[in-house]
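As structure tokens, the structure follows; a few thoughts come after it.
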Amino acid sequence: MLLDDVAATSEAVAATRSRLAKRASIAALLRRAAEESPPGRDPGPGPDEVVVVTSYLAGELRQRRTGLGWASLRSLPAPATEPTLTVATVDAAFERMAGLSGPGSDTARAAEASALFGAATEREQRFLRGLVAGELRQGALDAVVVDAIAEASGAPVDVVRRAVMLRGDTGAVAVAALRAPDPGAAGEALGAFGLEVGRPVRPMLAQSAPDVATALEKLGPDGAEVSVDTKLDGIRIQVHRAGDAVRVFTRSLDDITPRVPEIVAAALALDANTFVLDGEALAVDASGTPRPFQETASRSASQEAEALAAVELTPFFFDALHVDGRDLLDDPLRDRLAVLDGIAGPFAVGRLVTGDPDAAAAFFTDAVARGQEGVVVKALDAPYAAGRRGAGWVKVKPRHTLDLVVLAVERGSGRRQGHLSNIHLGARDSDGGFVMLGKTFKGMTDQMLAWQTERFTELADGPTDGYVVKVRPEQVVEIAFDGVQRSTRYPGGVALRFARVIRYRDDKTAAEADTIDTVRSYAAG
DNA sequence: GTCAGAGCAGATC
DNA sequence: CTCCGACACATTCGG
DNA sequence: CCGAATGTGTCGGAGGATCTGCTCTGAC
């Protein structure tokens, strides 16, 4: 199959806002890909073309890292006039680029990229650029492709979706579904995908709620018992063990086993031979109080032996998907927790099972007081909905707010083209100035966006570099944030984590905004 | 020649 | 991670 | 009883700050 076919489909998908239409185009192309490259005909060393096409349509390269990014695409050769690139050729080129490393690899990679883009037509170049930069903007990613696989193969959507969750890999599922002779066979082939110890499944995600009471409402009838789990501020881990073999995966299904020997050791110490557990890993001090998230992040991102030794991560588990031959995914949480408690011991996340809203709220308050991130409220009768942000789990975090001053605005792009979007936030200094703490564009409705575009145009002050517009520091804005972190980038030495706009405040002047000292007081706890 | 720093990519939240 | 908006689908309401 | 309005779930777009590791570059 030609890359041009994929690029054309991508363009068609981007051109419509209807999800059904997107799905139909993608399904049509998947069917063609399966027909054009029947199994066994292709003697090449590459993967099944259906796998590559599936991945490209979802806006992803098969290679997780190519070393190619936004910056390396700034200057590209002139496009070809005729489409000649095949999907297999392109995949092979990226495969070679992914394999490059060491001195001189940048040059070799650039040469490879230049050859590839030079052979691509204008449309193909656009498509490839989007793939590489992760900015395809066709309004369809993995989820739509999954639906399209169902449509193309005739297998039920639920079955396809479940297979993807369990396999953690859309391409493999696409092949199984589309290579089947008929819808019945496709469904059967997909039904055979099950949980395999050693192969990561997509983790279940949580919705969020502003407080515990709202979370309880979301979960269902009044008074029903729920599990209120402590929410730890670390990184999500999925730990698989089969005998002596332990594997640790991240939320995005990356295998980080070599980086976390202490988690492997902990897994080996648990009282079961085979299991798949879901949890969170973080750095804690001797008393069990969590260290700042940055320490956990630094430790888990590091590959160096010294860094590994400097900070230790502790795993805490909150769910069990499989234990000693028994798949638990479809069992209610109540049963999964019983199994988890039987093996995890001190590595189980603290939780309270209750039907009392006040007790749940008190548990939340206490968790936060102990330095934890919040709680996750869970329905006891819900199964493990792999990969879905189902209503079975609802997280609750405390919300802090500050009144800050807008120092500058950035011009929006994409959907926000023509608007002033991303605002620079400042806190009041002791000597009448303002200290920048970060930026945000989140939380703005279209209406606010329109209003602020006008407002900041009026306040515009001084030269702009075409992108950032400085404004007179007069407008106060109420900002919500999750926490304060240490920063080397900002002059105040602190930055806000997940800042978002609540509202603009016209009842306060800049002189009444919060001070940098107030902001710093959040850093401690 | 060595080494620190700049930039970038890719990951976490 | 966060939030908003858009679409698809389910449910309720009004003629 | 059926079509229109209203609500709910799900998805995508867009981008924030941080961290590490890699490669290249420029100063000495």
Side-chain angles (χ1 to χ4, degrees), chain A residues 13-14 16-23 58-59 63-74 100-110 132-147 161 205-208 218 232-237 250-252 254 256 259 280-282 292-304 307 373 388-391 395 397 399 410 412-417 421-425 437-449 479-490 494-502:
Chain A
V13 167
T16 172
R17 297 224 296 227
S18 157
R19 247 179 246 284
L20 292 179
K22 288 174 192 289
R23 189 178 83 190
Q63 294 73 19
R64 286 217 70 175
R65 55 168 300 280
T66 57
L68 229 51
W70 179 82
S72 38
L73 300 180
R74 270 180 293 214
L100 293 167
S101 72
S105 60
D106 265 22
T107 317
R109 186 176 290 113
V132 167
E135 298 179 340
L136 212 48
R137 309 280 177 265
Q138 57 179 20
L141 293 171
D142 195 63
V144 178
V145 174
V146 169
D147 286 355
R161 197 169 283 164
L205 307 173
Q207 295 186 337
S208 59
K218 280 195 176 193
L232 306 172
D233 192 10
I235 60 159
R236 186 82 176 262
I237 50 166
T250 63
R251 177 187 148 124
S252 58
D254 266 344
I256 54 164
R259 276 188 258 164
E280 193 90 2
L282 67 159
F293 174 74
Q294 279 166 303
E295 283 184 31
T296 296
S298 145
R299 168 59 180 77
S300 59
S302 173
Q303 317 253 13
E304 297 289 326
E373 197 184 11
R388 327 252 346 241
R389 200 175 288 281
K395 64 185 161 193
K397 295 196 271 186
R399 193 188 77 167
E410 293 179 12
S413 64
R415 220 179 66 82
R416 293 188 176 187
Q417 182 88 47
S421 169
N422 201 355
I423 58 176
H424 294 198
L425 306 167
L437 292 174
K439 308 189 254 187
T440 186
F441 61 91
K442 290 187 184 71
M444 296 160 185
T445 61
D446 286 5
Q447 212 176 6
M448 288 169 80
L449 217 51
I479 296 291
F481 62 100
D482 274 20
V484 169
Q485 52 194 341
R486 295 184 48 179
S487 172
T488 51
R489 174 181 312 194
Y490 291 109
V494 289
L496 301 180
R497 192 164 166 206
F498 300 133
R500 62 256 185 206
V501 174
I502 300 295

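By convention in this document, chain letters (A, B, ...) are assigned in the order of the sequence lines, proteins followed by strands, and residues within each chain are numbered from 1.
In terms of position on DNA chain C, the residue among A/Lys442 and A/Ala21 whose nearest nucleotide sits closer to the 5' end is A/Lys442. Place A/Leu100 and A/Asp147 on DNA chain D by their nearest nucleotides, and A/Asp147 ends up nearer the 5' end. Ranked by how close their nearest DNA chain D nucleotide is to the 5' end, A/Arg416 and A/Ser487 are led by A/Arg416.
Rounded to a whole Å, the CD atom of A/Gln447 is 19 Å from the P atom of C/dC3. The separation between A/His424 atom NE2 and D/dA17 atom C1' is 13 Å, rounded to whole Å. Straight-line distance from the CG atom of A/Asp142 to the C1' atom of D/dG13: 16 Å, rounded to whole Å. Rounded to whole Å, atom C1' of D/dG15 lies 13 Å from atom CD1 of A/Ile423. The distance between atom NZ of A/Lys218 and atom P of D/dT8, rounded to the nearest whole Å, is 11 Å. Atom CG in A/Asn422 sits about 19 Å away from atom P in D/dG13, given to the nearest Å. One atom, CG of A/Leu20, and another, P of D/dT10, lie 16 Å apart when rounded to the nearest Å. In this structure, A/Met444 atom CE and D/dG15 atom P are separated by 12 Å, rounded to whole Å.
Within 4.0 Å of A/Ser18, counting heavy atoms only, lie sugar-phosphate atoms of the nucleic acid but no base atom. Note on A/Thr440: nothing from the nucleic acid sits closer than 4.0 angstrom, heavy atoms only.
Evaluation of the side-chain contact (heavy atoms from CB on, under 4.5 Å) rule for A/Arg497 yields A/Asp233, A/Phe293, A/Gln485 as partners, not counting sequence neighbours. A search for salt bridge (Lys or Arg N to Asp or Glu O under 4.0 Å) contacts involving A/Arg500 returns A/Asp482, not counting sequence neighbours. In terms of the salt bridge (Lys or Arg N to Asp or Glu O under 4.0 Å) criterion, residue partners of A/Arg64 (sequence neighbours excluded) are, by chain and number, A/Asp254. In this structure A/Lys439 satisfies the side-chain contact (heavy atoms from CB on, under 4.5 Å) test together with A/Glu410, A/Asn422, A/His424, A/Met436, A/Tyr490, sequence neighbours excluded. For A/Asp106, the side-chain contact (heavy atoms from CB on, under 4.5 Å) criterion is met by A/Arg109, not counting sequence neighbours. Every side-chain hydrogen bond (donor to acceptor under 3.5 Å, both in side chains) that A/Ser421 has, sequence neighbours left out, goes to A/Arg416. By the salt bridge (Lys or Arg N to Asp or Glu O under 4.0 Å) test, A/Glu373 is found to be paired with A/Lys231, A/Lys397, residues two or more places apart in sequence or in another chain being considered. Applying the side-chain hydrogen bond (donor to acceptor under 3.5 Å, both in side chains) criterion to A/Thr250, with sequence neighbours excluded, gives A/Ser252. A search for side-chain contact (heavy atoms from CB on, under 4.5 Å) contacts involving A/Thr445 returns A/Gln447, A/Met448, not counting sequence neighbours.
Residue A/Ser302 places at least one side-chain N or O closer than 4.0 Å to OP1 or OP2 of D/dG21. Note on A/Ser101: every side-chain N or O is 4.0 Å or more away from OP1 and OP2 of D/dC22. Regarding contacts with the backbone of D/dT23, a side-chain N or O of A/Ser105 is found under 4.0 angstrom from either OP1 or OP2. Here A/Lys22 does not reach the OP1 or OP2 of C/dA6: none of its side-chain N or O atoms lies under 4.0 Å away. Contact check, A/Gln303 against D/dG21: no side-chain N or O comes under 4.0 Å of OP1 or OP2. Under 4.0 angstrom from either OP1 or OP2 of D/dG16 there lies at least one side-chain N or O belonging to A/Lys439. At D/dA17, one or more side-chain N or O atoms of A/Arg489 fall inside 4.0 Å of OP1 or OP2 (strictly under the cut-off).
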* To do: Take A/Arg161 and A/Asp147 through the salt bridge (charged side-chain N to carboxylate O under 4.0 Å, His left out) test and state the conclusion after the steps.
  => CA-CA 8 Å; A/Arg161 197 169 283 164; A/Asp147 286 355; 3.1 Å; yes
Restricting both atoms to N or O, compile the protein contacts to nucleotides 11-13 of chain B shorter than 3.5 Å, with distance only.
| from | atom 1 | to | atom 2 | distance (Å) |
| --- | --- | --- | --- | --- |
| B/dT12 | OP1 | A/Thr250 | OG1 | 3.1 |
| B/dT12 | OP1 | A/Ser252 | OG | 2.6 |
| B/dT12 | OP2 | A/Ser252 | OG | 3.4 |
| B/dC13 | OP1 | A/Arg236 | N | 3.1 |

Using a cutoff of under 3.5 Å, can you pull out all pairs of nitrogen or oxygen atoms linking the protein to nucleotides 2-8 of chain B, with atom names and distances?
| from | atom 1 | to | atom 2 | distance (Å) |
| --- | --- | --- | --- | --- |
| B/dC8 | OP1 | A/Arg74 | NH2 | 3.2 |

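A/Gln303 has its side chain within reach of A/Arg259: a pair of non-hydrogen atoms, C-beta onward, lies under 4.5 Å apart. Proximity of A/Ile502 to A/Arg399: side-chain heavy atoms (C-beta onward) are separated by under 4.5 Å at one or more points. At least one side-chain heavy atom of A/Ile479 sits under 4.5 Å from a side-chain heavy atom of A/Leu496.
Listed nucleotides D/dA17, D/dC11, C/dC4 differ in distance to A/Val144; the shortest reach to its side chain belongs to D/dC11. In the set D/dT20, D/dG16, D/dG12, the nucleotide with an atom closest to the side chain of A/Ser298 is D/dT20. Residue A/Arg19 has its side chain nearest to C/dA8 when only D/dT18, C/dA8, D/dC24 are considered.
Direction of the helix axis in the helix from B/dG1-D/dC28 to B/dC13-D/dG16 shifts by 10° between the two five-pair termini, rounded to 10°.
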